[in-house]
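Values reported hereafter were calculated over all heavy atoms of this structure, with side chains retained and with hydrogens, waters and symmetry mates removed.
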Amino acid sequence: MTVRTRFAPSPTGDLHIGGARTALFCWLYARRNGGSFVLRIEDTDRERSTQASVATILEGLSWLGLDWDEGPIYQSERFDRYREEIRRLLAQGDAYYCYCSRERLEALREAQRARGEKPRYDGRCRSGVGRSERGDAPPVVRFRNPLSREVVVEDAIKGRIAFANAELDDFVIARADGTPTYNFTVVVDDIDLEISHVIRGDDHVNNTPRQINVLRALGGTEPVYAHVPMILAADGRRMSKREGAQGVEAFRDLGYLPDAIVNYLARLGWSHGDQEVFSRDELIGLFDIADVNRAAAVFDFEKLTWLNQHYIQRADAASLRGPLRRELERLALDPAEGPDLATVIEVQRDRARTLVDMAAKSEFAFRDPGAYDEGAAKKHLRPVALEPLLAVRERLAALEAWEAEPLHAAVAETAEALDLKLGRLAQPLRVALTGTAMSPSIEKTLLLAGRARSLARIDAACDHVRRRAALS
RNA sequence: GUCCCCAUCGUCUAGCCAGGUCCAGGACACCACCCUUUCAAGGUGGCGACACGGGUUCGAAUCCCGUUGGGGACGCCA
């Protein structure tokens, strides 16, 4: 069987992190089996679908590196096709016009809830009567769901799930304005696109028996269904906007790398023994939908961050350049006003957990620090630091090459000459250069700050110390 | 409320399908120590779970039933 999977988002928002995982699983399964990955945009709801959302979703998928083989196919461009199939079901007697008013349906549902029943359509128009109620208002079309027996779904992840048809009702497949609804278009499209594996979110499990019934009425072949569990927020509830990031572009803005997100998402609900880190090729080689967990998983930013750091440490410096430049610019820093970004990356990759973090920690290399960190200045820019600072400035100024080794030697020799422990010199120097007590090793800090800036900042720090001495 | 699903460390999970090798393994986080010019990175060690109750069995984290808890669905949204 040729494997054909599809990712079918509705363009009503961004590419949600849960949707991204579903897309990843669809993509991996198709790639693993030499099949095709189809992208379909479910925009039958003309009110809520937006072109901006489509763009965001496509960008998100591309950024993650999830390339699709076919599409995007827009459902909004297939209305004629759906109309054709609706007419067919009507002619076959598998669908019927319903003239019930919204008011009646609402009252019906309310009454059912009050009685402790599951709200569902009562089939009033099923036999073809009741037209008068709506007057001239156009009818909706409902699917004539079987009344007895059950529908069994052999889910590739969850196993066998049975639903009694008696629990299902006759749902609307075409709105009063003639546009088709989700539970119908999905089936027509999956048949037309010859989708072999329907991999989607857990929240669609209950739609599956309805869709299977429609599929049978349409004479289609049943695909394999695989329902991926939800991703929960830290509080155990569904991921929502309140939990912070939920769209993939938000993760990008937080400084996460696509590789880290893909790796994290894959491991969220899927595993391969004790392995935690997987390259894309490894994922493609090992992924199987049958190995996906049945239980929902809580999204853990800490672990994602750990993976992100892992990927930053190992990434090719060239590939980090663009993203880092973007983050520096977001801090209103001019990348041209500092060292080569490759140098920044090499120095900072072990200490940055995200690119945002890396940019923030490198600010001193592109811009003079503002005020000194109060605690750091108080502790290190004291009168006793003046002589060491002046001495090291002299040595640094005399250096021919502003490179890590001579820089380190200059600092070490100064400390030695003054009979100081290295820290006694390095810390005041660090505060002078960065305004804080935390930075890369002192020679790397000097390297990134550059000669002119370093010397000027040491001078400024000496002035600061003198002023402080004068005040006391 | 009704239907559907789920249940191993705080979190992600291995083990479960083919019961014994599991007084339950790995990872993140956390704690301690080591390294160290700061912060990191790295190294070593530690803390920490089979939801509960029955049953089947010589033996259950693993199979069955129930309870509890959690999630999802119940739209002329997708």
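For A:Glu154 and B:C17, the CD to P distance is 19 Å, given to the nearest whole Å. Counting to the nearest Å, the C1' atom of B:G75 and the CZ atom of A:Phe171 are 13 Å from each other.
Using a 4.0 Å heavy-atom criterion, one finds that A:Thr436 contacts no nucleic acid atom at all. Among the protein residues, A:Glu167 comes within range of the sugar-phosphate backbone only, with heavy atoms under 4.0 Å from sugar or phosphate atoms but none that close to a base. A:Arg430 comes within 4.0 angstrom of a base, heavy atoms only. Here A:Pro9 lies out of heavy-atom contact (under 4.0 Å) with every strand. Contacts of A:Phe163 with the nucleic acid, taken as non-hydrogen atoms under 4.0 Å apart, involve only primed sugar atoms and P, OP1 or OP2. Within the nucleic acid shown, A:Gln313 comes within 4.0 Å of sugar-phosphate atoms alone, with no base atom in reach, counting heavy atoms only. Contacts of A:Ala437 with the nucleic acid, taken as non-hydrogen atoms under 4.0 Å apart, include base atoms. A:Thr181 comes within 4.0 angstrom of sugar-phosphate atoms only, judged by non-hydrogen atoms across all strands, and of no base. At the heavy-atom level, A:Gly201 lies nowhere under 4.0 Å from the strands shown. Within the 4.0 angstrom heavy-atom criterion, base atoms lie near A:Ile442. Within 4.0 Å (heavy atoms only), A:Asp169 reaches no atom of the nucleic acid at all. The residue A:Gln309 sits close only to the backbone: its heavy atoms come under 4.0 Å of sugar-phosphate atoms, none of a base. Contact annotation for A:Ser439: base contact, defined as any heavy-atom pair under 4.0 Å involving a base atom. Among the protein residues, A:His380 comes within range of no part of the nucleic acid, since none of its heavy atoms lies under 4.0 Å from any strand.
Checked by atom type, the side-chain pair A:Tyr182/A:Asp45 shows no donor-acceptor distance below 3.5 Å. Side-chain contact check for A:Asp43 and A:Ser76: at least one donor-acceptor pair (N or O, by modelled atom type) lies under 3.5 Å. Checked by atom type, the side-chain pair A:Asp170/A:Tyr96 shows a donor-acceptor distance below 3.5 Å.
The 12-atom threshold is exceeded at CD of A:Glu154, counting heavy atoms of other residues, nucleotides or ligands nearer than 6.0 Å.
Listed pair A:Thr44 / B:A78 meets the phosphate criterion, a side-chain N or O lying under 4.0 Å from OP1 or OP2. Listed pair A:Arg353 / B:A41 meets the phosphate criterion, a side-chain N or O lying under 4.0 Å from OP1 or OP2. Of the side-chain N and O atoms in A:Gln348, none sit less than 4.0 angstrom from OP1 or OP2 of B:A40. Between A:Asn293 and B:U13 there is a side-chain polar atom (N or O) within less than 4.0 angstrom of OP1 or OP2. Here A:Ser271 reaches the OP1 or OP2 of B:A14: one of its side-chain N or O atoms lies under 4.0 Å away.
The 5' end of RNA chain B is approached more closely, in terms of each residue's nearest nucleotide, by A:Asp274 than by the other of A:Ala8 and A:Asp274.
A:Trp68 places no side-chain N or O within donor-acceptor distance of the main-chain N or O of A:Leu58, the cut-off being under 3.5 Å.
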Run A:Tyr372 and A:Phe364 through ring-ring contact (aromatic ring centres under 6.0 Å, His included) and show every step you take. CA-CA 12 Å; A:Tyr372 294 116; A:Phe364 73 89; over 10 Å; no
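Checking B:U68 for Watson-Crick or G-U wobble geometry (two distances, each under 3.5 Å) identifies B:A7 as its partner. Of the nucleotides present, B:U44 is the one that pairs with B:A32 by Watson-Crick or G-U wobble criteria, both distances under 3.5 Å. Nucleotide B:G75: unpaired (no Watson-Crick or G-U wobble partner with both distances less than 3.5 Å). B:C17: no Watson-Crick or G-U partner with both key distances under 3.5 Å is found in any strand.
The base of B:C12 is paired with the side chain of A:Lys303 by a donor and an acceptor separated by under 3.5 Å.
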